[in-house]
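The next block holds one structure in the form of structure tokens; read it before the comments.
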Amino acid sequence: MCIRDRYLEDLQKDTLLYSKNLQADIAISPLVFSKKIKINELEWNGVVANVTRSKHTEKFNFSFLLDAFITPEPKQPEDTTEALSLDIGSVSLTKFKVNYVDEFLGIESKNNIGSLHTQFETINVEELLFHVNQLQLSNSTISYIQNSPLPAGNEDTSSTLPQLVFTNIALENVDARYHSIPDSILADIAVGQLTLGLPKIQLSTNTYEIDGLAIDNSKVLFELPQEPENRTEKMATSASNTFVWPDYNINARNLNLKNNRFSFHKKTSSSVQNKFNPNNFDFSEIEFRAKTISYKPQHVNLDIEQLSFQGNSDLNLNEFSLNGALNENQLRLSNLVFKTSRSSLTGTAIINYSSIQSLIDSPKDVVVALEIPSFTFDARDIFVFEPSLEANEILTNISEKPFTGQLFAQGTLNEIALKNTAVKWGSQSSLKLKGSVFNSTYIDSLRVDFDSIIATTVLADLNRFIPLKDSTLTLPKQIQLNGTASGSLKNLSTNIKLKTSMGGASFIGSGGLTTIPFIEGLLTIDSLQLGNLLNNPQFKDVSLTVDANLKGTELETLTGELDATIIDFYWNNYVFTNLSANAIIDQGTGEISLDYK
């Protein structure tokens, strides 16, 4: 069958339908003998269709055609004969222009189809099974604009839902636009190339399978309105705290996205330049590869090989990969690799909990095992989220060098053990810790029990934080601290040793920042190069011990007792040895007794 150059107009003499060329290969025998409509091939080219409806009527511009063919008939007995079946081979549509303007519902849709080709495998209307071997769409634009709110209606959810299969979907140079003016929602999608395999879509059971998805050179833009100020409060009041796994079954394999762009904008009251804004961001050069992503209630699995993008506000993700698994009792992240332009980490994380609900309600009770053998953190990444911190001199100095190290931790937020944990700032300042941290989320009750503390630094690093340009002091070029610590900020017991290029010191005792701060213990100074420290050649090395028990908020309220012994002290060619001193102080005043031999 071939139909060429056909034109149909509506009652206003406007174009209703124009068709340049329609060719259809329809098998006659199946229609006559088996009640089966079989279309082997259909090609339709050069179509213009305009469907309109005015604001004050429910009739469309084509309704006169329906009215002409509809005649009242008496009610017929129920037809029990076999229904016609449908068998379609391939359908090709080219140069289609379909406009739908519905003022009654406020819908305006303009669609231009450059080329659409479909190859059907199965069409079973009775069982609602539709299998499409190929669906190819190219050089097309689809637009849907909602100009006014849709009238409220009752949705019928009792109908049987179909099962769909798409062996291969291919899109090239396809633009789609959705704009809801009443809701201030805009979605713009520009597809460069897309291929997709959908072996199973079963809507009745929310089952979806994806076997291969590739998206290249595409753009997606979403715009949403600003949320009302009281919406968060309403959501907090009305939302249930009970977690329920969504009833879906999703299995996706072989996902590959290259050179894509995603933009999201929400109208906000304020915006800061060069600051990452979760309500206004633009990611370009997006690449994503995943072997599998699967979900069913109580089971989530991820195998992500690569995720990267370039963002506005200097937020770039260079590499991200992981194997992840989530169930009702555990979250496991392994083979984790995370790299930005300046920061990175690799490792494994395992979180155990009694249920997802307990994870939400009581995160402090979850058991965490972290193995981060390597990390790099550049403080400049903080400025992406809060640019005003660049004015902080300390943070600016810290950002001049990256932090590197490793982290091994296990336990809960109430008691977490650190093992083989070390962090370096630059190449010459470092901190190594071994021990436990208790009540880590509450500073007032924070407590530590460190079996080993090793800290090292150099003068060049200290000078960034301790300005000595106009000072008479000269600090040591190398400093190393070793020791232990146990307790809280209110009562901390320590045993530390300090080694420097100008001598050493040690302290055994305790102290605390309570309502009335206190210190109690023995301080030993060994061969301190006092002359070099004070830049005064009259002083040389000094060695002494101080046994102190003092408390007070300031010098005027200082109360306690101390015993000091100067073992060796060199000053202006004088040598002092075994010089003893004792002091009893009450509210900042007291007597000092000296014993010099």
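Sequential numbering from 1 along the given sequence is applied to the chain's residues. Side chains included, hydrogens not; waters and symmetry mates left out as well; all remaining heavy atoms used.
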Checklist outcome for this item: d(Asn112 CG, Lys95 NZ) to nearest 0.5 Å is 12.5 Å

Checklist entry - Is the count of non-hydrogen atoms from other residues, nucleotides or ligands lying under 6.0 Å from Ile394 atom CD1 greater than 12? => result no

Checklist entry - Between Ser54 and Glu103, is a side chain to side chain contact (heavy atoms under 4.5 Å, CB included) present by the stated rule, with each step listed? => result CA-CA 5 Å; Ser54 65; Glu103 295 180 354; 4.2 Å; yes

Checklist entry - Is there a donor-acceptor contact under 3.5 Å linking the side chains of Asn168 and Gln134? => result no

Next on the checklist: Using the side-chain hydrogen bond (donor to acceptor under 3.5 Å, both in side chains) definition, which of the options His265, Lys266, Glu223 pairs with Asn280?
Outcome noted: His265

Item to check | Sub-4.5 Å side-chain heavy-atom contact between Phe338 and Leu322 | outcome: no

Item to check | Nearest-0.5 Å distance that lies between atom NZ in Lys258 and atom OG in Ser308 | outcome: 12.0 Å

Checklist entry - Can you name the one residue among Asn249, Leu198, Ile250 that meets side-chain contact (heavy atoms from CB on, under 4.5 Å) with Tyr208? => result Ile250

Checklist outcome for this item: For Pro373 and Gln406, the nearest pair of non-hydrogen atoms, with its separation, is O-CB, 3.4 Å

Checklist entry - Which heavy atom in Ile88 sits nearest to a heavy atom in Phe120, and how many Å separate them? => result O-CB, 3.1 Å

Item to check | Close side-chain approach of Leu224 to Phe264, heavy-atom, < 4.5 Å | outcome: yes

Checklist entry - Side chains of Asn335 and Asn323: donor-acceptor distance under 3.5 Å anywhere? => result yes

Checklist entry - So with a 6.0 Å cut-off around OH of Tyr248, is the heavy-atom count from everything else above 12? => result no

Checklist entry - How about Ser109 and Asn111: does a side-chain donor come under 3.5 Å of a side-chain acceptor? => result yes

Checklist entry - Any ion pair linking Lys200 and Glu209 (charged N to carboxylate O, less than 4.0 Å)? => result no

Checklist entry - Any side-chain donor paired with an acceptor under 3.5 Å for Ser263 and Asp282? => result yes

Item to check | Atom pair CG (Asp216) and CD (Glu287), whose distance is rounded to the nearest 0.5 Å | outcome: 9.0 Å

Checklist outcome for this item: All heavy atoms of Leu446 vs all of Ser440, minimum pair found to be CD1-CA, 3.8 Å

Item to check | Short side-chain donor-acceptor distance under 3.5 Å, His131 and Thr167 | outcome: yes

Checklist entry - CG/Leu345 to NZ/Lys339 distance, rounded to the nearest 0.5 angstrom? => result 10.5 Å

Checklist entry - If you take all heavy atoms of Glu285 and Asn259, which pair is closest and at what distance? => result CA-OD1, 4.1 Å

Next on the checklist: Is the ring pair Trp44/Phe96 parallel, tilted or perpendicular, if the boundaries are 30 and 60 degrees?
Outcome noted: perpendicular

Next on the checklist: Can you tell me how the ring of Phe243 sits relative to the ring of Trp245, calling it parallel under 30°, perpendicular over 60° and tilted otherwise?
Outcome noted: perpendicular

Item to check | Shortest non-hydrogen contact from Ser429 toward Thr457 | outcome: OG-OG1, 2.7 Å

Next on the checklist: Any heavy-atom pair between the side chains of Ile107 and Gln146 that's under 4.5 Å?
Outcome noted: yes

Checklist entry - Is a side-chain donor-acceptor pair under 3.5 Å present for Asp175 with Thr141? => result no

Checklist entry - Say you draw a straight line from OG of Ser355 to CG of Asp361; how long is it, rounded to the nearest 0.5 Å? => result 8.0 Å

Checklist entry - Are any of the side-chain heavy atoms of Leu255 and Ile293 separated by less than 4.5 Å? => result yes

Checklist entry - Does the gap between the ring centers of Phe281 and Phe283 come in under 6.0 Å? => result yes

